[in-house]
Peer 1: 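Take this structure, written in structure tokens, and hold onto it; I'll ask about it next.
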Amino acid sequence: MPTRPARAWRSSLTTSRRDRCSIPPLVVLRHCSGTGRGIESMLSRLYFSIGAALKEVCGQDEVFLADGGAHADLASTVAFSLAKKMRRPPAEIARDIAARLSQRADMEGILIEAAGPYINFQLGPAIQERAIQDATHPGYGSFPPRQERVVLEHTSANPNGPLHVGHIRNTIIGDTLARCLRKAGYPLEVQYYVNDMGRQIAIVVWGFQNIPDNPVPGEKGDHHVARIYIAANRELEKRPECVAEVDRLMQLVESGDPATVRLFRSAVTECLEGFRVTLDRLGAKHDRFVWESDFIRNGDTERVLSKISHMEECRHDGKLWLDLSAFGFAKEYVLRRSDGTSVYAARDLAYHTWKSRNYDRVIDVLGADHKLIGAQLVTTLRLLGERPPEIVHFEFVSLPEGSMSTRAGTFVSADDLLDEVTRRAYGEVASRRPELPEAQKEEIARSVALAAIRYDIVKISPDKSTVFDWKEALDFERQSGPYIQYAHARACSILEKAGTFGFAYAPEDPHELALARHIIRFPLVMENVVRDLKPHILAAYARELADLFNTFYHFVPVLRSEGTARDSRLTLVRATQNTLAEALQALGIVPLATM
RNA sequence: GGGCUUGUGGCUUAGCCAGGAUAGAGCGCCGGGCUUCUAACCCGGAUGUCGAGGGUUCGAAUCCCUCCAGGCCCGCCA
């Protein structure tokens, strides 16, 4: 089984008032092994022991610790459920429990008090100070190296046309998760699975052979391939008799016919070269491109099909398929055509078998259209005794005028999006900072554009389908990537003017305290993101941190304050700047020092 | 038709899996704030039957059931 960390902490997002936090850690001790495996940060260890102490004092098998919101760092509602059992008012029970907890040696430094039926826990000043000290150091939110090898597959778009705004939702979710996993200490390999022998590619190859190709100067390879692919599809609609030629190409490539293999490889390579440029602009890096056809050439597909043919669920009636009806799948899971060629699902099984044997945790980022085939894949891998992937599905992105289709040519390409957003960002930079050298203006514009695009996509929960909106993509204001970058740049500006200062932590103002409390939560957020594979939690966290900092910035003077207050506030600014930088980097956004 | 999924102010959205303190935000709207650490900012105001209806519970946006609406899937495509 994938060594998924124990579900020790809750990640629910109750965004709320400024002094509330969006990432309430909720301890569910029922699921804890007692060793606290997978728990890394000081705060989570602390929360874990609070939960354990509470459990002991209540004599309950499980207790829940929720976000305390504006009231506390953590809160328990255990008094409600005990009230019935003990036939006493909840508030009275809460008072007793709080009193007993406060006396425990292992709760030293934690303020525990009852507020009506709620039991509230607050980190004491000493614990806060230590956490803020951590937050000022580069690498805050990272965890020590782990042994568990992780492979993460994302994007894996078919090489039949450029990446569009639907594909890059995959890229951005995947790349953000990759950055978070690395930050969390996992040895990670990011892979792109190249579907280089599918029907679409056969159509591209057929198009290159049958469609007159008028070169367009400066056209990227992926856009060139799309042009041919779209034209080829139109042609095939007009001349359905040619579909047999496409089938023939697929048979030839699977049988390894050298000339056909070369044609496929050349078309795919041309498209992939274009992808690489786009992925690079998006700040996404793959460690390895894994070619689907390799799993034919190396015999893995044959091996897995042979193993499957001995399974009791296997049916062979011309085609080879699995009957997974016992597992709730009504449809045949076809793996080999009656002409002997394999289908995508078979090659995917071979790929995942390989991943299963070489990694300890397998993660795939796939579109919602892969939900059924993904579930069939997982079921089959279990039957084969292989490690199934954890699949992160994201819903579709459509255009106001309808769904995107490479074949129909109805899509907004990632390249066009990047160009337009960069152009707009340059306009902003040029008007705000006319004195900057040209090269720097361009560099800032590129970073701001990337921040806007990545954040606009990653902030939305993957299970919402969305409609692409230029207005939102070009918004650099609140709840945007540039907004968070701006808060970071403001912090940098203060620090630059401050000169040297000593560490201090003596919050006086409620704004300082609210900011500090949020900074302290960051490691817990990182734990939640890599456990639940939900990058939008990090996006929300970073935005809230920027919100809190901006309010602090507005109300609390830093450079104009004196003595310990100045050192303390500068320390807080440093901690904010560092935490924002760490969070932004995990989101694939450049933490600009000036903008 | 079956399966999966989403439905929260005019628009976009967090919270839902692991039920508890006044349902948080942003855009837009109204009204304020730049001789003061970067106004890509801040403050205040109006705006909500949490799709509808039942149920469970001391307590439901959150869990269960039914229904309605949108998205995706149901190929010897990938």
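Labels below follow one simple rule: chain letters A, B, ... track the order of the sequence lines, proteins then strands, and each chain is numbered from 1. Just so it is clear, the values below take in all heavy atoms, side chains as well, and ignore hydrogens, waters and symmetry mates.
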Peer 1: Evaluate the ring planes of A:Tyr344 and A:His370, with Trp represented by its six-membered ring, and classify them as parallel (under 30°), tilted (30 to 60°) or perpendicular (over 60°).
Peer 2: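 Geometry flag for A:His370 against A:Tyr344: perpendicular rings.
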
Peer 1: Students often mix this up, so state it plainly: with edges at 30° and 60°, are the rings of A:Tyr118 and A:Phe80 parallel, tilted or perpendicular?
Peer 2: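 Rings of A:Tyr118 and A:Phe80: perpendicular, as their planes differ by over 60°.
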
Peer 1: Find the distance A:Leu559:CG to B:C37:C1' and express it as a whole number of Å.
Peer 2: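 Whole-Å distance recorded here is 4 Å.
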
Peer 1: Ignoring backbone atoms, test whether A:Arg347 places a side-chain nitrogen or oxygen under 4.0 Å from the OP1 or OP2 oxygen of B:A78.
Peer 2: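 Answer is yes, contact under 4.0 Å.
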
Peer 1: If you look at every strand shown and take non-hydrogen atoms under 4.0 Å, does A:Gln485 touch a base, only sugar-phosphate, or nothing?
Peer 2: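 The answer is nothing, as A:Gln485 stays clear of every strand by at least 4.0 Å.
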
Peer 1: Evaluate the side-chain proximity of A:Val204 to A:Phe264: yes if any heavy-atom separation is below 4.5 Å, no if none is.
Peer 2: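 No, too far: nothing below the 4.5 Å cut-off.
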
Peer 1: Please give the distance between the C1' atoms of B:A61 and B:U6 as a whole number of Å.
Peer 2: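 Between the two C1' atoms, the distance is 14 Å.
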
Peer 1: Under the criterion ring pair (Phe, Tyr, Trp, His ring centres under 6.0 Å), I'd like the reasoning laid out for A:Tyr541 against A:His518: C-alpha separation, chi angles, the key distance, then a yes or no.
Peer 2: CA-CA 8 Å; A:Tyr541 172 83; A:His518 201 65; 4.3 Å; yes

Peer 1: Going by centres under 5.5 angstrom and planes under 30 degrees, do the aromatic ring of A:Phe80 and the base ring of B:G59 stack?
Peer 2: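 No, A:Phe80 does not stack on the base of B:G59.
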
Peer 1: Is the base of B:A21 touched by the side chain of A:Asp67 through a donor-acceptor pair closer than 3.5 angstrom?
Peer 2: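 Answer is no: no donor-acceptor pair is held.
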
Peer 1: With P as the reference atom in both, quote the distance from B:G44 to B:G3 in angstrom, rounded to an integer.
Peer 2: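 Straight-line distance between the two P atoms is 49 Å.
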
Peer 1: Please classify the nucleic acid contact of A:Pro557 as base, sugar-phosphate, or nothing, using heavy-atom distances under 4.0 Å.
Peer 2: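 Base contact - A:Pro557 has a heavy atom under 4.0 Å of at least one base atom.
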
Peer 1: Considering only atom P, compute the distance from B:C30 to B:C67 and round it to an integer number of Å.
Peer 2: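 B:C30 and B:C67 have their P atoms separated by 45 Å.
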
Peer 1: Has A:Tyr553 got a side-chain N or O lying under 4.0 Å from the OP1 or OP2 atom of B:A39?
Peer 2: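 Yes, such a contact exists.
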
Peer 1: A:Gln376 has an atom CD; how far is it from atom P of B:C77, in whole Å?
Peer 2: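 Going from CD in A:Gln376 over to P in B:C77 covers 14 Å.
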
Peer 1: Give a yes/no answer on whether the side chain of A:Arg490 brings an N or O atom under 4.0 Å of OP1 or OP2 in B:A39.
Peer 2: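 For B:A39, OP1/OP2 do have a side-chain N/O of A:Arg490 under 4.0 Å.
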
Peer 1: Take atom P in B:A46 and the same atom in B:C72, then report the distance between them in whole Å.
Peer 2: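 Approximately 40 Å lies between the P atom of B:A46 and that of B:C72.
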
Peer 1: Assess A:Arg543 against A:Tyr483: is NZ or CZ under 6.0 Å from the centre of the six-membered ring, and within 45 degrees of the ring's axis?
Peer 2: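 No - A:Arg543 does not lie over the ring of A:Tyr483 by the 6.0 Å and 45° rule.
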
Peer 1: Side-chain N or O of A:Tyr333 less than 4.0 angstrom from OP1 or OP2 on B:C74?
Peer 2: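 Indeed not, no polar side-chain atom of A:Tyr333 lies that close.
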
Peer 1: Is there a side-chain contact between A:His393 and A:Val365, using heavy atoms and a 4.5 Å cut-off?
Peer 2: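 Side chain of A:His393 against side chain of A:Val365, heavy atoms only: no contact under 4.5 Å found.
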
Peer 1: Between A:Pro591 and A:Leu580, is there a side-chain heavy-atom distance shorter than 4.5 Å?
Peer 2: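 In short, these two side chains do not touch, never coming nearer than 4.5 Å.
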
Peer 1: For B:A21, give the paired nucleotide (Watson-Crick: N1-N3 plus N6-O4 or O6-N4; G-U: N1-O2 and O6-N3; both under 3.5 Å), or none.
Peer 2: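 Because no pair has both required distances under 3.5 Å, B:A21 counts as unpaired.
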
Peer 1: What is the base-pairing partner of B:G75, counting Watson-Crick and G-U wobble geometry with both distances under 3.5 Å?
Peer 2: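 Check on B:G75: unpaired, no WC or wobble geometry under 3.5 Å.
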
Peer 1: What's the CG-P distance between A:Leu495 and B:C37, to the nearest Å?
Peer 2: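 Whole-Å distance recorded here is 15 Å.
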
Peer 1: Using Watson-Crick or G-U wobble geometry with both distances below 3.5 Å, tell me the partner of B:C27, or none.
Peer 2: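 Paired with B:G10.
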
Peer 1: Go nucleotide by nucleotide along RNA chain B from the 5' end; which of A:Tyr118 and A:Val556 gets its closest nucleotide reached first?
Peer 2: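 Between the two, 5'-proximity favours A:Tyr118.
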
Peer 1: Given B:G75, is OP1 or OP2 found less than 4.0 Å from the side-chain N or O atoms of A:Lys331?
Peer 2: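 Looking at the OP1 and OP2 atoms of B:G75, one of them is under 4.0 Å from a side-chain N or O of A:Lys331.
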
Peer 1: On the nucleotide B:A14, are OP1 or OP2 found under 4.0 Å from the side-chain N or O atoms that A:Lys464 carries?
Peer 2: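 Checking A:Lys464 against B:A14: at least one side-chain N or O falls below 4.0 Å of OP1 or OP2.
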
Peer 1: Look at the side chain of A:Ser465 and the base of B:G71, then say whether one donor and one acceptor between them are separated by less than 3.5 Å.
Peer 2: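 No such pair is found, so the answer is no.
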
Peer 1: Parallel, tilted or perpendicular, judged at 30° and 60°: which one describes the rings of A:Trp470 and A:Phe468?
Peer 2: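 Judged by the thresholds at 30° and 60°, the geometry between A:Trp470 and A:Phe468 is perpendicular.
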
Peer 1: Do the side-chain N or O atoms of A:Arg337 get closer than 4.0 angstrom to the phosphate oxygens (OP1, OP2) of B:C76?
Peer 2: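 Answer no for this pair, as no side-chain N or O of A:Arg337 is under 4.0 Å from OP1 or OP2.
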
Peer 1: Is A:Lys471 touching bases, backbone alone, or none of the nucleic acid, heavy atoms closer than 4.0 Å?
Peer 2: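 If one applies the 4.0 Å heavy-atom cut-off, A:Lys471 turns out to touch the sugar-phosphate alone, with no base involved.
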
Peer 1: Tell me which of A:Ala115 and A:Ala546 sits closer to the 5' end of RNA chain B, going by the nucleotide each one is nearest to.
Peer 2: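 Mapping each residue to its closest nucleotide by heavy atoms, the 5'-most match is A:Ala115.
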
Peer 1: Return the nucleotide paired to B:A52: Watson-Crick means purine N1 to pyrimidine N3 with N6-O4 or O6-N4, wobble means G-U with N1-O2 and O6-N3, both under 3.5 Å.
Peer 2: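 WC or wobble partner is B:U66.
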
Peer 1: Base, sugar-phosphate alone, or nothing: which one does A:Ala368 contact when heavy atoms must sit under 4.0 Å apart?
Peer 2: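 Touches sugar-phosphate only.
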
Peer 1: Touch check for A:Ile460, heavy atoms < 4.0 angstrom, all strands: base, sugar-phosphate only, or nothing?
Peer 2: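 Sugar-phosphate: the residue A:Ile460, judged by heavy atoms under 4.0 Å, touches backbone atoms but no base.
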
Peer 1: What integer number of Å spans the P atoms of B:U12 and B:G51?
Peer 2: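 Comparing P positions in B:U12 and B:G51 gives a spacing of 14 Å.
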
Peer 1: Distance check, P atoms only: B:G2 and B:C41, in whole angstrom units.
Peer 2: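 The answer is 49 Å between these two P atoms.
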
Peer 1: How far does the P atom of B:C16 sit from the matching atom of B:C76, given to the nearest Å?
Peer 2: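 Pairwise P distance, B:C16 against B:C76, rounds to 39 Å.
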
Peer 1: Rounded to whole Å, how long is the line connecting atom CZ of A:Arg478 with atom P of B:U13?
Peer 2: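 Computing the A:Arg478:CZ to B:U13:P distance gives 18 Å.
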
Peer 1: Students often get this wrong, so: under 4.0 angstrom with heavy atoms, is A:Val573 touching a base, only sugar-phosphate, or nothing?
Peer 2: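 Contact class for A:Val573: none.
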
Peer 1: Is A:Thr551 near enough to B:C43 that one of its side-chain N or O atoms lies under 4.0 angstrom from OP1 or OP2?
Peer 2: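 For B:C43, OP1 or OP2 has a side-chain N or O of A:Thr551 closer than 4.0 Å.
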
Peer 1: In whole angstrom, give me the gap between the C1' atoms of B:G9 and B:U49.
Peer 2: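 Between the two C1' atoms, the distance is 12 Å.
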
Peer 1: According to a strict under-4.0 Å criterion, is A:Lys84 in side-chain N/O contact with OP1 or OP2 of B:U57?
Peer 2: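 Answer no for this pair, as no side-chain N or O of A:Lys84 is under 4.0 Å from OP1 or OP2.
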
